[in-house]
J.: 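Please see the structure below; I have some questions.
Letters A, B, ... are given to chains in the order of the sequence lines, protein chains preceding strands, and every chain is numbered from 1.
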Amino acid sequence: GGEFSIHSPAQLRVVLFEKLKISSRGVRRGKTGLSTDVDVLTRLARDHPLPAKILEYRMLSKLKSTYVDALPALVDPRTGRLHSSFNQTVAATGRLSSSEPNLQNIPVRTEEGRRIRAAFAAPSGHRLISADYSQIELRVLAHLSGDPVLLEAFTRGEDIHARTAADVFATLPPAEGRRLAKVINYGIVYGMGAARAARELGVPLAEAQAYIDGYFARYAGVRAFIDSTVTEARARGYVTTVLGRRRYLPELGARDPAVRQFAERAATNTPIQGSAADLIKLAMLEVPRQLAEAGLGGRLLLQVHDELVLEVPEAEVEPAAARVRLAMEKVWPLRVPLRVDVRHGANWAEAH
DNA sequence: TTGCTTCGCCAC
DNA sequence: AAACGTGGCGAAGCAA
Ligand SMILES: Nc1nc2c(ncn2[C@H]2C[C@H](O)[C@@H](COP(=O)(O)OP(=O)(O)OP(=O)(O)O)O2)c(=O)[nH]1
Ligand SMILES: [Mn+2]
Ligand SMILES: [Mn+2]
């Protein structure tokens, strides 16, 4: 064998496709040549034992470099805590972003990742409360589109992600299937094509196209909402959210179809993602207000797009959780009920 | 040493 | 990469 830097995609490309001569049929892409990302290596794993080893190394290396090594060094000695910036003028939709360090992308998917999340712990005598809106952008979509099937589903208390998971990821553990179902549900609404859907679903192209067609047939009001949103955006030059935030999209008038269609997908997404951001920003005002009014001692620690994480004295967890839920669910009435999953634990992994 | 682009991947 | 969208960050590679 030979030596190469396992962290270098460029060197790995040479090893896989030139030294080992693993077939690169249908792999192409990238500005610099053949890709070595997780999709490619997963397929190559059928032809050689190395790609699977690289994938395992990549996963662990990502967790070590980005979280395990980086975060402890950033703990403030004065407070014993991590202090992040929550940026209000970065994301074009009105979401917050988090940086130095980013505390909105703490791992949760894998078992190893959850061990990192578990390191975010409440001080003794306290508990962490995590309160996360259920299916938030699908509910906002139901509100904005008025689609009768979607409205009815939420009125009945249905779980669309779980429904999709049972439909197309029946063989997977329910929690994993549900996360993959989110990619499908949001992907299709925001303009995913059949090629990508086929890969995500693990089915042939024609079947994926049929699934997308079936989706918009079932939720016909969603298709109409997307079309009218884009039409109106092109006429006005911008889209708006529930609380009136605007995003200007001059590329809607571009001659280059790729540029124009990118803007059309952004125009579709922004009213929904941005309205969800409006709601949780209001909730960030309402939750501390309600806790203070009730004489409870909770502190808001983190916002993760549709989730609030609080630190609460152990003795006050139950009343605090009840008020957090109420404040978030009643924050801004829509045509569908808002539901919030509230959990608590000694650390973020338990509470999530 | 610093700053930039590229690749890849973590989360919502 | 692909007709999902929104972010931030580490490592490699390169230029200054
Ligand atoms: N376009 C897009 N948006 C996403 C994706 N994942 C998450 N989001 C957005 C839409 C979600 O409503 C929002 C919050 O993410 P969550 O993981 O909390 O999902 P959601 O609230 O839909 O379901 P939940 O009931 O909380 O499990 O972030 C994605 O893969 N694509
Ligand atoms: Mn949610
Ligand atoms: Mn969430």
Side-chain angles (χ1 to χ4, degrees), chain A residues 4-13 26-41 43 54-55 57-71 74 84-87 90-110 112-114 116-117 132-133 135-137 141 179 182-200 205 208-209 212 215 226 230 239 247 249 257-274 276-277 280 302-307 348 352:
Chain A
F4 70 102
S5 173
I6 192 170
H7 291 112
S8 167
Q11 293 182 39
L12 179 60
R13 186 159 60 209
V27 165
R28 277 214 51 87
R29 77 165 142 175
K31 293 180 155 73
T32 60
L34 294 168
S35 169
T36 68
D37 72 11
V38 60
D39 287 342
V40 170
L41 294 190
R43 194 160 69 69
I54 299 284
L55 283 174
Y57 181 88
R58 284 241 182 102
M59 188 264 288
L60 295 171
S61 171
K62 172 78 176 182
L63 297 182
K64 181 172 188 293
S65 65
T66 306
Y67 306 101
V68 178
D69 290 342
L71 294 183
L74 298 175
S84 175
S85 293
F86 285 88
N87 312 298
V90 173
T93 56
R95 273 189 174 187
L96 302 185
S97 76
S98 164
S99 59
E100 293 180 292
N102 183 358
L103 296 184
Q104 292 181 323
N105 72 339
I106 300 305
V108 70
R109 223 172 57 236
T110 64
E112 295 85 352
R114 284 189 287 275
I116 293 171
R117 186 165 284 235
D132 186 304
Y133 281 108
Q135 312 173 74
I136 185 62
E137 288 186 27
L141 175 64
R179 174 54 228 175
K182 290 183 192 178
V183 174
I184 298 300
N185 285 331
Y186 290 119
I188 291 177
V189 169
Y190 298 132
M192 184 184 283
R196 168 81 179 269
R199 197 198 68 78
E200 300 286 353
L205 190 73
Q209 186 60 61
I212 294 171
Y215 195 96
I226 292 170
V230 170
V239 290
R247 179 177 181 180
L249 289 159
V259 173
R260 187 176 64 247
Q261 287 162 12
F262 194 0
E264 289 172 355
R265 293 193 297 276
T268 302
N269 173 267
T270 292
I272 300 165
Q273 187 182 118
I280 196 156
L302 299 174
Q303 186 257 44
V304 191
H305 307 303
D306 76 330
E307 171 187 9
W348 198 4
H352 185 71

J.: Using whole Å, what does the distance between atom C1' of nucleotide C/dG7 and atom CG of A/Leu103 come to?
T.: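 A/Leu103 atom CG is separated from C/dG7 atom C1' by 13 Å.
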J.: Can you tell me how far P of C/dA3 sits from OH of A/Tyr186, to the nearest Å?
T.: 23 Å
J.: For A/Pro101, is there any backbone N or O sitting under 3.5 Å from a side-chain donor or acceptor partner on A/Ser84?
T.: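 Checking the backbone N and O of A/Pro101 against the side chain of A/Ser84, a donor-acceptor pair under 3.5 Å is found.
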J.: Would you mind reading off the distance between A/Arg114 atom CZ and B/dA11 atom C1', rounded to a whole angstrom?
T.: 14 Å
J.: Given that A/Gly187 and A/His7 both sit by DNA chain C, which one's nearest nucleotide is further toward the 5' end?
T.: A/Gly187
J.: Tell me the interatomic distance from A/Gln11, atom CD, to B/dG8, atom C1', rounded to whole angstroms.
T.: 15 Å
J.: Once you round it to whole Å, what is the distance between P of B/dA11 and CG of A/Leu302?
T.: 16 Å
J.: Counting only side-chain heavy atoms from C-beta out, which of C/dA2, C/dG7, B/dC12 sits nearest to A/Asp132?
T.: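 My answer, after comparing the listed nucleotides, is B/dC12.
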J.: What I want to check is whether an N or O donor and acceptor connect the side chain of A/Arg265 with the base of C/dA3 at under 3.5 Å.
T.: no
J.: For the pair made of CD1 in A/Ile106 and C1' in C/dC9, what is the distance, rounded to whole Å?
T.: 11 Å
J.: Within the modelled atom types, does a donor on one side and an acceptor on the other bring the side chain of A/Lys62 and the base of B/dC9 under 3.5 Å apart?
T.: yes
J.: What about A/Tyr57 and A/His7, are their ring centers closer than 6.0 Å?
T.: yes
J.: Please evaluate the base of B/dC10 for a donor-acceptor partner in the side chain of A/Arg109 within a cut-off of under 3.5 Å?
T.: no
J.: Where each residue is assigned the nucleotide of DNA chain C containing its nearest heavy atom, which of A/Arg179 and A/Ser35 is assigned the position nearer the 5′ end?
T.: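 Per heavy-atom nearest nucleotide, the more 5' residue is A/Ser35.
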